[in-house]
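Below: one structure, written as structure tokens.
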Amino acid sequence: KTCCIHAEQRAIMDALKKSNDLQGSSLYFMRIKDNKKTYAGEPYCTICSKMALDTGIKEFILWHQDGIKSYNTEEYNELSFNYKKE
């Protein structure tokens, strides 16, 4: 169960209101906690990754502790499906 929608889902839905073609676009992600930017963490959400694949988004850009990393959406999806929280 969930009571909310992820920021990635909201960004995709908002973009689709303006354009039906998201082919080749990029989705940028970082977290904000207490009004401060924090690192994104590893890919783990299969709902967001599948939605991005279905709409043609080309890549996810995440801000990690060691810098900014680009994942093509298929790679992001695979990593999300294989994510194991410790």
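Side-chain atoms are counted along with the backbone in the values below, which use heavy atoms only and exclude waters and symmetry mates.
When atom types are taken as modelled, the side chain of Ser25 and the backbone of Leu22 share a donor-acceptor pair closer than 3.5 angstrom. The backbone N or O of Ala40 sits less than 3.5 Å from a side-chain atom of Arg31, completing a donor-acceptor pair.
If you chain together ILVMFWY residues whose side-chain heavy atoms come under 4.5 Å of each other, Ile32 ends up in a group of its own. Hydrophobic side-chain contacts under 4.5 Å tie Trp63 into a cluster, directly or through other members, with Tyr28, Met30, Tyr39, Ile61, Ile68.
With rounding to the nearest 0.5 angstrom, the CG atom of Leu79 is 12.5 Å from the OG1 atom of Thr46. Between the CE atom of Met51 and the CG atom of Leu27 there is a distance of 10.5 Å, given to the nearest 0.5 Å. Distance SG/Cys45 to CZ/Phe29: 9.5 Å, rounded to 0.5 Å. Atom-to-atom distance recorded for Cys48:SG and Leu53:CG is 11.5 Å, nearest 0.5 angstrom.
For residues 65-78, every residue pair satisfying the side chain to side chain donor-acceptor pair (under 3.5 Å) rule, not counting sequence neighbours, is listed here: Ser49-Asn77, Glu59-Ser70, His64-Tyr71.
When hydrophobic clusters are built by joining Ile, Leu, Val, Met, Phe, Trp and Tyr residues whose side-chain heavy atoms come closer than 4.5 Å, directly or via intermediates, Ile5 is grouped together with Phe60.
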Item checked: Residue pair Lys58, Gln23: steps toward the side chain to side chain contact (heavy atoms under 4.5 Å, CB included) verdict -> CA-CA 7 Å; Lys58 178 183 172 185; Gln23 293 292 323; over 6 Å; no

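Heavy-atom contacts from other residues, nucleotides or ligands closer than 6.0 Å to CG of Asn20 number 12 or fewer.
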